[in-house]
Amino acid sequence: MRINWGVPERPVLERARDVTEQEWAGIPWLRVLSPEHQDAAVAGLRVAKVQPGERIVRLGRPATFWFGVVDGLLKMSNDTPSGGTITYMGVPPGAWFGEGTLIKREPYRYNIEALRRSTVAGLPIEDFHALLDRSIPFNRYLMNQLNERLGHFIAAREIDRQDDPDSRVAGSLAQLFNPVLYPGVGGLLRITQQELGYLVGLSRQRVNQALNTLAEHGLIGIEYGGVRVRDLAALRAFSMR
DNA sequence: GCATTAACACGTA
DNA sequence: TACGTGTTAATGC
């Protein structure tokens with residue numbers, strides 16, 4: 001763990017570029033906007049590639065962008081005083097986060113770092129507030145997302161109370177397959193068993209064991225470098241058992 | 001007892 | 001070649 005208070009390393013999006021046509025499709029809230037608002041948003045949007053371990057958002061830094069995952073996998077976490085890490089959530093493709101912090105105009109209250117090579121997009125805070133002031137569809141999108149995330153964190157508390165590793169893996173997977181919060185995931189979540197281990201707090205070997213149990217129950221399919229959902233409702237149910 | 005680390009073989013991108 | 005997966009053995013709480 002390296003702390004460098006007051007030594008600002010280059011923010012991720014300073015070496016960013018404009019969004020490509022293809023990346024458009026991976027940004028779910030763009031399509032709810034009116035054409036004029038779409039144009040304005042696209043003009044402000046920045047995109048950058050990040051490496052594993054690289055931090056996109058740093059605790060205590062002023063909130064400057066609304067961030068989203070176009071491709072890859074991030075995690076949201078905080079460090080504990082005792083030197084450990086609390087991981088709040090995995091952040092898969094289609095996820096957009098930080099709106100609460102932007103609305104309050106406060107510093108970020110968590111770290112976001114890449115678990116693998118990822119493509120990250122950011123909307124500058126001024127553009128974010130401009131949309132908030134002018135676009136009803138954007139407000140509706142955000143309200144829906146905030147509502148969904150409330151349910152997400154309630155579920156996260158339930159998952160945390162389970163001590164059976166299989167249930168915890170089932171619950172974490174079910175969360176990552178949330179179609180509202182993570183529309184970019186679809187039926188196939190690209191995640192290695194090692195990465196899932198980091199998110200759930202288990203060894204790769206134990207995750208492998210849990211995945212095979214879930215697959216035997218017909219809840220998921222195990223693929224090379226990924227997991228496919230077979231029965232999301234049953235996966236959720238399994239995690240609460 | 002159960003999860004973790006370490007180590008290895010094997011398959012895939 | 002580098003990485004992800006499946007498996008086993010030794011170790012620890």
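Proteins get letters first, then strands, A, B, ... in listed order; numbering begins at 1 in each.
Between A/H129 atom NE2 and A/L102 atom CG the span is 5.5 Å, to the nearest 0.5 Å.
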Are any protein N/O atoms closer than 3.5 Å to N/O atoms in nucleotides 10-13 of chain C? If there are, list each pair with its distance.
none

Between the protein and nucleotides 3-7 of chain C, are there any N/O to N/O pairs under 3.5 Å, and if so, what are the atom names and distances?
{"from": "C/dC3", "atom 1": "O2", "to": "A/Y224", "atom 2": "OH", "distance (Å)": "3.3"}
{"from": "C/dG4", "atom 1": "O4'", "to": "A/Y224", "atom 2": "OH", "distance (Å)": "3.0"}
{"from": "C/dT5", "atom 1": "OP1", "to": "A/G225", "atom 2": "N", "distance (Å)": "3.2"}
{"from": "C/dT5", "atom 1": "OP2", "to": "A/Q193", "atom 2": "N", "distance (Å)": "2.9"}
{"from": "C/dG6", "atom 1": "OP2", "to": "A/Q193", "atom 2": "NE2", "distance (Å)": "2.8"}
{"from": "C/dG6", "atom 1": "OP2", "to": "A/N208", "atom 2": "ND2", "distance (Å)": "2.4"}
{"from": "C/dG6", "atom 1": "N7", "to": "A/R204", "atom 2": "NH1", "distance (Å)": "3.1"}
{"from": "C/dG6", "atom 1": "O6", "to": "A/R204", "atom 2": "NH2", "distance (Å)": "2.7"}

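Relative orientation of the A/W96 and A/W29 rings is perpendicular, given thresholds of 30° and 60° on the angle between their planes.
Atom pair A/R206:CZ and C/dT8:P shows a separation of 15 Å (rounding to whole Å applied).
A/T101 places no side-chain N or O within 3.5 Å of a backbone atom of A/P107 that could act as its donor or acceptor partner. Using a distance-only test at 3.5 Å, with no hydrogens or angles considered, no donor-acceptor pair links the side chain of A/Q162 to the main chain of A/R168.
Sparse packing is recorded around OH of A/Y198, with 12 or fewer heavy atoms of other residues, nucleotides or ligands lying under 6.0 Å away. Other residues, nucleotides and ligands contribute at most 12 non-hydrogen atoms within 6.0 Å of the CZ atom of A/R109.
Between A/D166 and A/R206 a salt bridge is recorded (basic side-chain N to carboxylate O distance below 4.0 Å). Salt bridge A/R241/A/D164: present, at least one basic N to carboxylate O contact under 4.0 Å.
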